[in-house]
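These values consider heavy atoms only, across backbone and side chains, with no hydrogens, waters or symmetry-generated copies. Atoms within a ligand are numbered from 1 in the order they appear, just like the ligands themselves.
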Amino acid sequence: MVSDMNEHSDKLWHGVAIITGASSGMGEAIAKKLAPHAKGLVIGARRIDKIKSLASTLGDHVLPIACDVQKKDDVEHLVQIAIETFGQVDAMINNAGIAPMASMTRCRVEDWENTIDTNLKGVLYGIAAVLPQMLEQKTGRIISISSEAGRRVFPGAAVYCATKHGVRVISEGLQMDLSARSLKDGNDIKVTTISPGYVTTDLPESVTFEPAKIGFKKNMHTVDGPMSSGDIAECVWYVLNTPSHVEIGELTVRPVKQNM
Ligand code: NDP
């Protein structure tokens with residue numbers, strides 16, 4: 001996939017990236033994929049021990065920074081560190097997310113708030129933190145992880161689905177606003193949503209309602225030929241390496257045998 005695209009690219013991506021939610025799953029895999037090619041990487045998550053240990057395996061150009069995406073200042077801090085250390089930000093990967101699923105009828109308001117604050121506001125904070133720098137540079141890539149749940153609604157997952165629909169819609173709107181501006185100032189900031197189906201990760205651990213957690217794990221693990229976090233890291237790599245005149249708005253990826 002990448003090699004085909006790169007027949008048309010000048011060179012492989014070699015920039016500075018920020019990744020939220022890099023302590024496990026897709027974020028960790030994206031960090032591992034980008035690190036050998038990156039000038040610099042800033043990786044954020046709440047579990048600082050995990051990202052410190054990951055960074056120690058990836059090189060001195062990978063900086064682990066404690067970050068709760070529910071906190072605007074934390075997200076801004078990731079960008080400050082990237083600019084202070086590397087002088088630029090070429091890619092923002094808004095990956096951090098949780099999925100505390102349960103039937104709406106249970107009115108788990110705290111779960112709803114956490115889901116919105118992490119999955120939706122966290123992405124908005126990422127966009128707001130990085131955009132001024134990218135507008136000044138007139139270049140950059142903003143990649144946000146939505147989900148198949150950002151295109152459909154699944155029972156017991158209404159609020160999660162709403163946040164993932166929101167991520168997709170916000171990215172599309174941002175892309176439109178940037179394209180309009182690009183006609184005037186020539187910026188080549190690209191915006192992409194990646195919408196995966198089931199990927200085997202620790203995501204079910206973020207479910208606080210035990211029966212829903214069991215169901216989520218069961219669904220995730222009954223996929224015949226599941227996707228791995230590495231598959232999504234390859235998608236990010238593909239997006240970063242598209243020719244300069246090509247913008248991938250959305251990439252939907254799912255296991256071949258996923259039947260829901
Ligand atoms: P994981 O649970 O393995 O990873 C989630 C990551 O998000 C962790 O690194 C976690 O780090 C981080 N995170 C959660 N809350 C916060 C927070 N408040 N601040 C900062 N970081 C946070 O799951 P995945 O890798 O599967 O999830 C990555 C993304 O992919 C999510 O947005 C998820 O919704 C999406 N997705 C997942 C699918 C799947 O089937 N697995 C399918 C489609 C989309 P820490 O706890 O250390 O802060």
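From the protein, the heavy atom lying nearest to atom 21 (N) of ligand 1 is A96 CB, 3.5 Å.
Considering both main-chain and side-chain atoms, S147 never comes within under 3.5 Å of ligand 1 through any nitrogen or oxygen pair. On a distance-only criterion, Y198 and ligand 1 share no N/O pair closer than 3.5 Å. When only interatomic distances are considered, the shortest N/O to N/O separation between M26 and ligand 1 falls below 3.5 Å. Taking only nitrogen or oxygen atoms, main chain and side chain alike, G21 reaches within less than 3.5 Å of ligand 1. Any N or O atom pair closer than 3.5 Å counts here, and S24 shares at least one such pair with ligand 1.
For the residue pair Q258/E148, the side-chain donor-acceptor check at 3.5 Å is satisfied. A donor-acceptor pair shorter than 3.5 Å can be found between the side chains of T208 and D111.
Every pair passing ring pair (Phe, Tyr, Trp, His ring centres under 6.0 Å) that includes a residue from residues 25-69 is listed here, sequence neighbours excluded: H37-W237.
Ligand 1 lies within reach of P196, whose nearest heavy atom is under 4.0 Å from it. Every heavy atom of K71 sits 4.0 Å or more from the atoms of ligand 1. Residue G197 places a heavy atom under 4.0 Å from ligand 1. A149 does not count as a contact of ligand 1, since none of its heavy atoms falls under 4.0 Å from the ligand. Distances shorter than 4.0 angstrom do not occur between any heavy atom of T20 and any atom of ligand 1. The closest approach between C67 and ligand 1 falls below 4.0 Å for a heavy atom of the residue.
When heavy-atom distances to ligand 1 are checked against a 4.0 Å cut-off, K164 comes that close only through its side chain, counted from C-beta outward. In A99, neither the side chain nor the backbone holds a heavy atom less than 4.0 Å from any atom of ligand 1.
Contacts of D188 classified as salt bridge (Lys or Arg N to Asp or Glu O under 4.0 Å), with partners at least two apart in sequence or in another chain: R141.
The backbone N or O of I145 lies less than 3.5 Å from a partner atom in the side chain of K164, making a donor-acceptor pair.
Listed by number with element, the atoms of ligand 1 under 4.0 angstrom from any heavy atom of I98 are 14 (C), 15 (N).
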